[in-house]
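What follows is a short report on a single structure.
Side chains included, hydrogens not; waters and symmetry mates left out as well; all remaining heavy atoms used. Each chain gets a letter, A, B and so on, in the order its sequence line appears, and its residues count up from 1.
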2 protein chains.
Amino acid sequence: MSITRYQVIRTHVLSLVEAGQLKSFDRVPSENELAEQFSVSRMTARKALQSLLDSGVITRVRGKGSFVADLQVTGSSLRITNIAEDVRAKGHTFSSVVHSLEEFNASGDVARRLLLSDGEAVFYSDIVHFDNNLPIQWERRYVLREQVPEYLAQDFNLRTTHDYLAQVAPLAAVRSSISAINADAKAVERLDVVPQEACLLVERLTESRDGIVAFSQLIYPGTRHKLGASYEL
Amino acid sequence: MSITRYQVIRTHVLSLVEAGQLKSFDRVPSENELAEQFSVSRMTARKALQSLLDSGVITRVRGKGSFVADLQVTGSSLRITNIAEDVRAKGHTFSSVVHSLEEFNASGDVARRLLLSDGEAVFYSDIVHFDNNLPIQWERRYVLREQVPEYLAQDFNLRTTHDYLAQVAPLAAVRSSISAINADAKAVERLDVVPQEACLLVERLTESRDGIVAFSQLIYPGTRHKLGASYEL
DNA sequence: AAATCCAAGTTGTATATACAACACAATTTA
DNA sequence: TAAATTGTGTTGTATATACAACTTGGATTT
């Protein structure tokens, strides 16, 4: 079994990632750069990057470049249920408190997830959802202005952000990652938990056919709430 | 967004499979046949077939041809629990340490989940999985003896518990719940986290056609690991 | 100062070509 | 008859080229 040229390039880029020289969201050499560096055609270099894309190691954006993926996320296909529906399905009352609904200058992680430059303005909402007056979800959403220009004019006590977004920009894909975090001071205040209590953090990127629509951070009190996922064959 | 030529071919072949005109192990038109039929180059037809290969719809053998995959096996649900594949897909090395593999008297929560009475014996395994020598999952499994009588005789360094269970008792349903917990002393030891660090707890009930097979508790270091979930419409 | 345009860089699609690796059947040879 | 060769068809790799779609930043024009 001989080693092919595109496998050499693939291994090279992969080793850069594994050695820590390239970290999550860092830019990966372009097809042309790799082609020249390894003296191969662009199509061969492209095949190496496509292979890394299929493996989930990098993400690629036309016109911008290739970037190291969020390597902590492992691929799978859990199905996350809608919280408002869950509450009402149990016969409980669902309510929300809007703490903030304003413009916001994206930076750091948020900007990178939305593929924006540092400081670009997005719409921002900070809402807590209640199940029978007990806080069960703290939702922070960063919405692209051009995709949803009327976002700030909505009353999210009447309709959830998710329902509104689903109507305005038909969803094409939803990518979520689930992790656990210790509650910080803000979370303690919003969710009425004890300091350092374990909470679920769901980070979600929603896309329509026109591209990214919003990035959301959903925080649940870990002990008070469970995400369900079931699948039958 | 316009429809590309290779997507047209991909959809065409896929519809043949979904309509039942092509069944498992049937031969799929070759690259050259598709190229002529759709008046495209061989490389474009090839791209369509490669796409179907990536999706698991077909298998391809050099020198022989392309064939419809065994559709019974291509359930996306198998991917969910296969942590070994996820790690290897990233190009990392996967390893396991078996801390315990023995008989256990179920009680409390475990007994209730498995629909057993208090004190009934089940098989029990306690295993930690590593990604590049970093612990990423602590797996405790409670397995019904009559469903999997040879469980204790396996070497789970060679094959993961899930792979073995999937082979012995074909899965019919998987029900999971995800919550967040603070690391206790045992978790600190197994996962090398700091006390009270937030961890993900996935509790999972797996069933075959003959009923419940096992109850599993999977604990992930919250900050070090994320569960991914994506669905496209 | 603001809007527009343009050029360069990047990924995506598509073509045409060539050769390699492999399977398989038919033919030729020992 | 048995073995070797040949030919055809298939997938795999690799190159060179062209254009499309998109981003970005700088230059130009308004």
Atom pair CD1/CD of A:Ile181 and B:Glu197 - distance to nearest 0.5 Å: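 Rounded to the nearest 0.5 Å, the CD1-CD separation comes to 12.0 Å.
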- prompt: Going by the salt bridge (Lys or Arg N to Asp or Glu O under 4.0 Å) test, which pairs reach into residues 140-153 of chain A, not counting sequence neighbours?
  reply: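 Pairs touching residues 140-153 of chain A that pass the test: A:Glu103-A:Arg145, A:Glu139-A:Arg141.
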field: Within residues 55-67 of chain A or reaching into it, pairs that qualify as salt bridge (Lys or Arg N to Asp or Glu O under 4.0 Å) - sequence neighbours excluded
entry: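 Listed by first then second residue: A:Glu31-A:Arg60.
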Please determine if a side-chain N or O atom of [X] lies less than 4.0 Å away from the OP1 or OP2 oxygen of [N].
X	N	answer
A:Tyr6	D:dA14	no
B:Thr44	C:dA14	no
B:Ser66	D:dT10	no

Rounding to an integer number of Å, can you tell me how far [X] [atom1] sits from [N] [atom2]?
X	N	atom1	atom2	value
A:Glu36	D:dA16	CD	P	13 Å
A:Arg27	D:dT23	CZ	P	15 Å
A:Glu31	D:dT15	CD	C1'	15 Å
A:Leu53	C:dT13	CG	P	11 Å
A:Lys47	D:dA14	NZ	C1'	8 Å
A:Ile9	D:dT13	CD1	C1'	12 Å
B:Phe38	C:dA14	CZ	P	13 Å
B:Met43	D:dA18	CE	P	18 Å

Counting any heavy atom closer than 4.0 Å, what does [X] reach on the DNA or RNA strands: base, sugar-phosphate only, or nothing?
X	value
B:Gln50	sugar-phosphate
B:Arg46	base
B:Glu33	sugar-phosphate

- prompt: Does atom CD of B:Glu33 have more than 12 heavy-atom neighbours, drawn from other residues, nucleotides or ligands, at distances under 6.0 Å?
  reply: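 Counting other residues, nucleotides and ligands, CD of B:Glu33 exceeds 12 neighbours.
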Where the side chain of [X] is concerned, which of [options] is the nearest nucleotide?
X	options	value
A:Thr4	D:dA14, D:dT11, D:dT15	D:dA14
A:Ser41	C:dA16, D:dG12, D:dT15	D:dT15
B:Asn32	C:dT10, D:dT11, D:dA14	D:dT11

Could you go over nucleotides 19-26 of chain C and give all protein N or O partners under 3.5 Å, atom names and distances?
unit_1 : atom_1 : unit_2  : atom_2 : d
C:dA21 : O4'    : B:Arg62 : NH1    : 2.7
C:dA21 : O3'    : B:Arg62 : NH1    : 3.1
C:dA23 : O4'    : B:Gly63 : O      : 3.4
C:dC24 : OP1    : B:Lys64 : NZ     : 3.4

message: Could you check whether B:Asp163 and B:Thr160, counting side-chain N and O atoms only, form a donor-acceptor pair closer than 3.5 Å?
response: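 Yes, side-chain donor-acceptor contact under 3.5 Å.
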query: Would A:Tyr220 and B:Ser179 count as having a side-chain donor-acceptor pair, cut-off 3.5 Å?
result: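 Distance-only check fails for A:Tyr220 and B:Ser179.
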task: Return the 5'-most residue of the pair B:Ala45, A:Pro29 with respect to DNA chain C, ranking by each residue's nearest nucleotide.
output: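 With B:Ala45 and A:Pro29 compared, the 5'-side residue is A:Pro29.
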message: Do the side chains of A:Arg112 and A:Asp109 get close enough for a salt bridge, i.e. N-O under 4.0 angstrom?
response: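 A salt bridge is present here (some side-chain N lies under 4.0 Å from a carboxylate O).
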query: Of B:Leu49, B:Val13, B:Leu14, which meets side chain to side chain contact (heavy atoms under 4.5 Å, CB included) against B:Val57?
result: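 It is B:Leu14; the other options fail the test.
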